[in-house]
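The structure displayed is predicted, hence computed values, not measured ones. Both ligands and their constituent atoms are indexed starting at 1 by order of listing.
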Amino acid sequence: MRIGASQPHDKLEALREMRVIAIDGPAGSGKSSVAQALAARLGLEYLDTGAMYRAVTFAVLRAGGDPSDSGFTAAVARTIDVRVTGERVLVDGVDATVEIRSPSVDRAVSVVAANAEVRAEMVARQREWARRRDGGVVEGRDIGTVVFPEADLKVYLKADPDVRALRRARQSGALDHTAEAGAVESVAADLARRDTIDSTRQAGPLSVASDAVVIDTTEKTFDETIEQILGLV
Ligand code: DC
């Protein structure tokens, strides 16, 4: 799957015909695993839009650029070739599956994702991705609010910050290396910092669409969440 460069005449009209399920929420709310499982159950393709912002960040850092240099970062976003196949992410032909999840990308990605020109380019590519497939399950922060305001179903997943930090620490393997409390604390601090930047930025901030179904996954098992969303579908 190639997430190609934007089309000049990207029309929201065409998007109305498609079947899009939008899954939004903060890091650690369970979005990725829920979106992947839903896509598999429904026979739809899945797009992790966070991986796209991470890919741009990786490319900027690899080029020795400063992610807060908005002109340079926007130029990288417009020219980068991003291919996502399942979990695998190729950036300009280089396998960056592991690197896009590295601490250096974690630190810089919110600044890149707050860049309005980067967002315009990524949003256009996300719409093009869905148009080519007649829809899909798309996961991110602004999917129901900005990218697909006409999505058939919008789900906003949330969870208590402590639970989100614990999930992220487990995912990244941080608990294998450090004393448990310390590892979770540092992940929690990073999540809180990113939540603030993601929800207070001007362009496409993390927010709940007025017609989204909000699901709190704090006390829910994975299967309970999936069944609840399938019930909505
Ligand atoms: O979901 P994630 O942690 O991989 O997302 C990485 C960053 O990208 C995070 O800071 C939020 C941002 N992001 C965004 O701004 N818009 C999206 N649609 C998806 C992710």
Side-chain angles (χ1 to χ4, degrees), residues 3 6 20-36 46-61 67-68 70 73-74 76-77 80 82 84 87-89 91 96-130 136-149 151 154-159 161 164-165 167-172 174 187-209 212 217:
I3 302 171
S6 57
V20 171
I21 299 181
I23 313 278
D24 288 302
S29 56
K31 283 189 318 286
S32 296
S33 23
V34 164
Q36 281 178 57
Y46 154 74
L47 178 61
D48 171 3
T49 61
M52 297 172 69
Y53 292 98
R54 288 175 177 277
V56 175
T57 309
F58 164 77
V60 169
L61 294 174
S68 57
S70 54
T73 302
V76 169
I80 191 178
V82 182
V84 184
E87 300 269 286
R88 199 158 165 243
V89 179
V91 178
T97 311
V98 175
E99 286 90 340
I100 63 161
R101 314 265 165 211
S102 68
S104 57
V105 170
D106 273 347
R107 276 192 297 275
V109 67
S110 287
V111 173
V112 172
N115 181 318
E117 287 181 77
V118 171
R119 296 202 76 78
E121 176 66 26
M122 294 300 117
V123 167
R125 293 189 188 203
Q126 289 153 19
R127 289 177 178 161
E128 178 62 12
W129 177 92
V137 179
V138 186
E139 172 229 317
R141 304 291 193 289
D142 59 341
I143 308 305
T145 50
V146 174
V147 188
F148 299 110
K154 300 177 186 179
V155 174
Y156 186 95
L157 294 182
K158 63 177 195 175
R164 295 199 282 122
R167 287 177 186 160
R168 267 291 151 109
R170 285 208 176 109
Q171 261 170 11
S172 67
V187 173
D190 183 55
L191 285 190
R193 184 187 62 81
R194 285 207 281 145
D195 283 355
T196 307
I197 302 178
D198 292 340
S199 34
T200 55
R201 68 181 173 224
Q202 294 270 310
L206 170 67
S207 65
V208 187
T217 65

field: Numbered atoms of ligand 1 (with element) below 4.0 Å of Ser110, judged on heavy atoms
entry: 10 (O)

query: Which atoms of ligand 1 are found less than 4.0 Å from any heavy atom of Ala113?
result: 12 (C), 15 (O)

- prompt: Polar-atom distance check: Tyr53 versus ligand 1, any N or O pair below 3.5 Å?
  reply: no

task: Answer with side chain, backbone, both or neither: which part of Arg119 has a heavy atom less than 4.0 angstrom from an atom of ligand 1?
output: side chain

- request: Give the atoms of ligand 1, by number and element, whose distance to some non-hydrogen atom of Arg101 is under 4.0 Å.
  value: 4 (O)

field: Pairs satisfying salt bridge (Lys or Arg N to Asp or Glu O under 4.0 Å), at least one member in residues 196-209, at least two apart
entry: Arg141-Asp198, Asp198-Arg201

- request: Mark yes or no for whether Thr73, through its side chain, and Val112, through its backbone, hold a donor-acceptor pair below 3.5 Å.
  value: no

statement: ligand 1 atoms nearer than 4.0 angstrom to some heavy atom of Asp198 are 9 (C), 10 (O), 11 (C)

- prompt: Do Thr49 and Arg125 meet the criterion of a side-chain donor-acceptor pair at a distance under 3.5 Å?
  reply: no

task: Record the part of Met122 in heavy-atom contact with ligand 1 below 4.0 Å; permitted values are side chain, backbone, both and neither.
output: neither

query: Looking only at N/O atoms, are Arg201 and ligand 1 under 3.5 Å apart anywhere?
result: yes

query: Among all residues two or more places apart in sequence or in another chain, which pass the side chain to side chain donor-acceptor pair (under 3.5 Å) test with Lys31?
result: none

- prompt: Is there a side-chain contact between Val84 and Arg88, using heavy atoms and a 4.5 Å cut-off?
  reply: no

- prompt: For ligand 1, which atoms have a heavy atom of Arg194 less than 4.0 angstrom away?
  reply: 3 (O), 6 (C), 9 (C), 10 (O)

- prompt: Does Arg164 reach the main-chain N or O of Pro26 with its side chain, forming a donor-acceptor pair under 3.5 Å?
  reply: no

